[in-house]
S.K.: 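Mind having a look at this structure? Questions to follow.
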Amino acid sequence: VQLQAFGGGLVQAGGSLRLSCAASERTTSISAMGWFRQAPGKEREFVAAIRWSGRNTFYADSVKGRFTISGEKAKNTVYLQMNSLKPEDTAVYSCAAKSGKGIILSAVRTPMAYNNWGQGTLVTVSS
């Protein structure tokens with residue numbers, strides 16, 4: 001499964017951006033999709049995820065209340081609406097998907113839970 005992310009750019013602090021990520025094929029085997037980010041010089045960190053079964057959503061504490069993940073299961077497309085952006089949100093944002101066996105909920109916030117990754121899109125928040 002190939003993933004393509006769109007929507008990054010430059011925005012001022014307090015502004016909003018919407019990222020999109022679509023799978024290359026309409027497979028029914030994807031159980032969850034998520035977003036991770038990596039800032040320069042830092043480790044990759046979890047941002048948000050959605051499990052299609054039950055439409056469960058998961059967020060990092062740092063983005064809770066500001067970011068919203070949503071998606072269209074039939075299209076294996078996921079969105080990340082980012083509001084009240086801060087300079088510390090600056091990073092390359094990558095989407096990920098778990099195909100095959102269902103995702104392990106206890107690991108949903110870890111990169112290891114996903115077996116498909118897309119190229120990232122850069123989000124820069126200026127102060």
Side-chain angles (χ1 to χ4, degrees):
V1 178
Q2 290 185 323
L3 303 171
Q4 184 79 43
F6 304 92
L10 173 63
V11 64
Q12 287 189 330
S16 298
L17 277 176
R18 188 189 195 215
L19 305 183
S20 304
C21 176
S24 59
E25 55 193 74
R26 295 194 181 186
T27 174
T28 58
S29 73
I30 292 179
S31 59
M33 297 183 75
W35 291 95
F36 289 77
R37 67 187 182 186
Q38 187 166 20
K42 294 190 176 182
E43 299 276 323
R44 180 168 52 185
E45 65 173 356
F46 169 77
V47 177
I50 184 167
R51 186 179 68 153
W52 295 133
S53 173
R55 307 290 290 187
N56 304 113
T57 56
F58 307 85
Y59 295 95
D61 288 343
S62 58
V63 306
K64 203 173 292 184
R66 300 188 298 122
F67 291 11
T68 302
I69 189 169
S70 62
E72 300 175 65
K73 180 180 184 299
K75 296 181 180 179
N76 280 321
T77 299
V78 65
Y79 309 100
L80 186 68
Q81 177 66 42
M82 305 185 294
N83 298 329
S84 303
L85 282 161
K86 305 175 182 180
E88 51 264 42
D89 294 318
T90 295
V92 174
Y93 285 70
S94 300
C95 66
K98 175 65 173 73
S99 61
K101 293 179 67 174
I103 196 165
I104 299 172
L105 281 186
S106 60
V108 73
R109 292 177 172 82
T110 66
M112 287 176 11
Y114 303 85
N115 55 356
N116 300 279
W117 290 85
Q119 289 191 332
T121 184
L122 177 62
V123 172
T124 303
V125 185
S126 62
S127 56

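Side-chain atoms are counted along with the backbone in the values below, which use heavy atoms only and exclude waters and symmetry mates.
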S.K.: Calculate, to the nearest 0.5 Å, the distance between atoms CD1 and CG belonging to I30 and N115 respectively.
M.R.: 9.0 Å
S.K.: I'd like to know if V47 and I69 are part of one continuous hydrophobic network [Ile/Leu/Val/Met/Phe/Trp/Tyr, side-chain heavy atoms within less than 4.5 Å].
M.R.: yes
S.K.: Going hydrophobic residue to hydrophobic residue with side-chain gaps under 4.5 angstrom, can you get from Y59 over to V125?
M.R.: yes
S.K.: State plainly whether one hydrophobic cluster holds both F67 and Y79, where clusters connect Ile, Leu, Val, Met, Phe, Trp and Tyr through side-chain heavy atoms under 4.5 angstrom apart.
M.R.: no
S.K.: Would you say S31's side chain and I103's backbone share a donor-acceptor pair under 3.5 angstrom?
M.R.: yes
S.K.: If you group Ile, Leu, Val, Met, Phe, Trp and Tyr by side-chain heavy-atom gaps below 4.5 Å, do L3 and F46 land in one group?
M.R.: no
S.K.: Do R51 and V108 have side-chain heavy atoms sitting under 4.5 Å apart?
M.R.: no
S.K.: Scan residues 108-127 for pairs that pass ring-ring contact (aromatic ring centres under 6.0 Å, His included), counting only residues two or more places apart or in two chains.
M.R.: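 Non-adjacent pairs meeting ring-ring contact (aromatic ring centres under 6.0 Å, His included): F36-Y114, F36-W117.
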S.K.: Scan residues 91-113 for pairs that pass salt bridge (Lys or Arg N to Asp or Glu O under 4.0 Å), counting only residues two or more places apart or in two chains.
M.R.: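 As it turns out, there is no salt bridge (Lys or Arg N to Asp or Glu O under 4.0 Å) pair with a partner in residues 91-113 once direct neighbours are skipped.
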S.K.: Specify the closest pair of heavy atoms between S16 and Q81, including all atoms of both residues, with the distance to one decimal.
M.R.: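 Looks like CB-NE2, 3.9 Å.
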S.K.: I'd like to know whether CG of L122 has more than 12 heavy-atom contacts from other residues, nucleotides or ligands below 6.0 angstrom.
M.R.: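 Check passes, neighbour count above 12.
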S.K.: What closest approach, in Å, do V1 and A23 show between heavy atoms, and which atom pair accounts for it?
M.R.: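 Here V1 and A23 meet closest at CG1-CB, 3.8 Å.
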S.K.: Indicate the atoms forming the closest heavy-atom contact of I50 with G71, along with that distance.
M.R.: CD1-N, 4.3 Å
S.K.: What are the two closest non-hydrogen atoms of S126 and L10, and how far apart are they?
M.R.: CB-CD1, 4.3 Å
S.K.: Mind checking the OG1-CD spacing from T121 to Q4? Nearest 0.5 Å is all I need.
M.R.: 9.0 Å
S.K.: Pairs in or reaching into residues 31-47: which pass salt bridge (Lys or Arg N to Asp or Glu O under 4.0 Å), with residues at least two apart or in two chains?
M.R.: R37-E45, R37-D89
S.K.: Looking only at heavy atoms, what is the nearest atom pair of W35 and S20, with distance?
M.R.: CH2-O, 3.6 Å
S.K.: Heavy-atom count check: over 12 atoms from other residues, nucleotides or ligands less than 6.0 Å from Q2 CD?
M.R.: no
S.K.: Output the distance between atom OG1 (T77) and atom CE (M33), rounded to the nearest 0.5 Å.
M.R.: 6.5 Å
S.K.: At what distance, to the nearest 0.5 angstrom, does OG of S127 lie from CD of Q12?
M.R.: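 If I round to the nearest 0.5 Å, the distance is 9.5 Å.
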S.K.: State whether the number of non-hydrogen atoms from other residues, nucleotides or ligands found under 6.0 Å of E88 atom CD is greater than 12.
M.R.: yes
S.K.: For a quick test of reading the model, state the closest non-hydrogen atom pair linking V11 to L85 and the distance between them.
M.R.: CG1-CD1, 3.6 Å
